[in-house]
Amino acid sequence: MYFLIYTSYALHTNDQALKALLQQAREKNKKQDVTGMLLYLNGIFIQLIEGGQKEVQQLYQAIRKDNRHKEAVVLKEGPIEKRYFTDWSMGFKAFSAEELAYEEGYKCLNGPGQPDIQSVLKVFELLAPVN
């Protein structure tokens, strides 16, 4: 089992475009036995994808070529013992800037400096459904 977390700037996004992206991702991910979670905030995607190493890396390469993403950057990748999102071909959560503006410790993952990867992983752990 393998995982990859990346962030990118979202291009051409509105509610309809996000719904279409999710539908397409869910259908493709089911066929490839890939699961994960996509977060969207104010024009930025952060996504965890998990599955077989080959499938995850191929999916990330396709995302890098997708014109809905700009400047995709891998935050962390590697082997994992078990999936975080066993039943989700692609979970999704959109956050508004207003929702996060008052959250202690909020920071931009695409900003200068290195993101705190453990904090990013903790977000995904908290969002994963309890089995």
Side-chain angles (χ1 to χ4, degrees):
M1 193 58 48
Y2 195 82
F3 82 102
L4 183 145
I5 300 172
Y6 76 90
T7 184
S8 69
Y9 292 101
L11 302 178
H12 318 294
T13 53
N14 57 39
D15 286 348
Q16 185 176 358
L18 286 171
K19 286 178 185 177
L21 176 107
L22 283 170
Q23 182 177 354
Q24 178 186 17
R26 287 173 175 149
E27 290 172 6
K28 185 174 182 178
N29 290 354
K30 281 182 185 178
K31 292 177 186 175
Q32 298 294 319
D33 194 28
V34 170
T35 56
M37 168 64 94
L38 174 64
L39 303 176
Y40 175 76
L41 170 65
N42 209 26
I44 296 173
F45 288 127
I46 179 168
Q47 184 173 22
L48 179 146
I49 48 181
E50 56 193 4
Q53 182 173 351
K54 177 182 171 187
E55 290 79 11
V56 167
Q57 290 176 332
Q58 286 177 342
L59 176 56
Y60 177 69
Q61 291 308 314
I63 289 167
R64 290 187 63 220
K65 295 175 185 175
D66 190 315
N67 66 2
R68 296 170 290 194
H69 297 266
K70 180 180 176 186
E71 298 180 27
V73 175
V74 172
L75 299 175
K76 187 162 184 148
E77 66 180 310
I80 53 174
E81 290 182 26
K82 62 178 185 139
R83 294 178 190 261
Y84 287 97
F85 301 97
T86 56
D87 298 325
W88 295 5
S89 59
M90 186 50 55
F92 177 75
K93 172 70 176 160
F95 294 96
S96 69
E98 293 80 23
E99 286 178 288
L100 292 178
Y102 297 105
E103 290 293 321
E104 183 178 342
Y106 168 72
K107 62 179 153 180
C108 178
L109 293 172
N110 278 27
Q114 294 295 326
D116 178 354
I117 296 302
Q118 293 307 314
S119 295
V120 173
L121 287 173
K122 186 65 176 171
V123 168
F124 286 108
E125 287 176 15
L126 293 171
L127 291 169
V130 177
N131 291 329

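Numbers here simply count residues along the sequence, with the first being 1. All values below were derived from every heavy atom in this structure, side-chain atoms included, with hydrogens, water molecules and symmetry-related copies excluded.
- Contact check for Arg83 versus Phe3: no side-chain heavy atoms found under the 4.5 Å cut-off.
- You'll find the ring centres of Phe45 and His69 inside the 6.0 Å limit.
- Transitive grouping of hydrophobic side chains (ILVMFWY, heavy atoms separated by less than 4.5 Å) brings Val74 and Val56 into a common cluster.
- Under 3.5 Å, the side chains of Gln61 and Arg64 contain a donor-acceptor pair of N or O atoms.
- Between Thr35 and the options Glu50, Lys30, Arg26, a side chain to side chain donor-acceptor pair (under 3.5 Å) holds for only Glu50.
- Atom CG of residue Leu39 and atom CE of residue Met37 lie 6.0 Å apart, to the nearest 0.5 angstrom.
- A donor atom on one side chain and an acceptor atom on the other are found under 3.5 Å apart for Glu77 and Tyr2.
- Rounding to the nearest 0.5 Å places CD1 of Ile44 at 5.5 Å from OH of Tyr9.
- A 4.5 Å side-chain heavy-atom check between Ile46 and Ile5 finds at least one atom pair inside the cut-off.
- For the atom pair CD1 of Ile80 and CG of Leu48, the computed distance is 7.0 Å after rounding to the nearest 0.5 Å.
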| field | Tyr6/Gln47 under side-chain hydrogen bond (donor to acceptor under 3.5 Å, both in side chains): CA gap, chis, key distance, verdict | value | CA-CA 6 Å; Tyr6 76 90; Gln47 184 173 22; 2.4 Å; yes
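- Between Gln24 and Lys28, every side-chain heavy-atom pair lies at or beyond the 4.5 Å cut-off.
- Here the side chains of Leu75 and Thr7 are in contact, with some heavy-atom distance below 4.5 Å.
- To the nearest 0.5 angstrom, Met1 atom CE is 11.5 Å from Gln53 atom CD.
- In terms of modelled atom types and a separation under 3.5 Å, the side chain of Ser8 and the main chain of Glu71 share no donor-acceptor contact.
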| task | Check step by step if side-chain contact (heavy atoms from CB on, under 4.5 Å) holds for Leu11 and Asn67. | result | CA-CA 7 Å; Leu11 302 178; Asn67 66 2; over 6 Å; no
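- Separating the CG atom in Leu4 from the NZ atom in Lys76 is a distance of 11.5 Å, to the nearest 0.5 Å.
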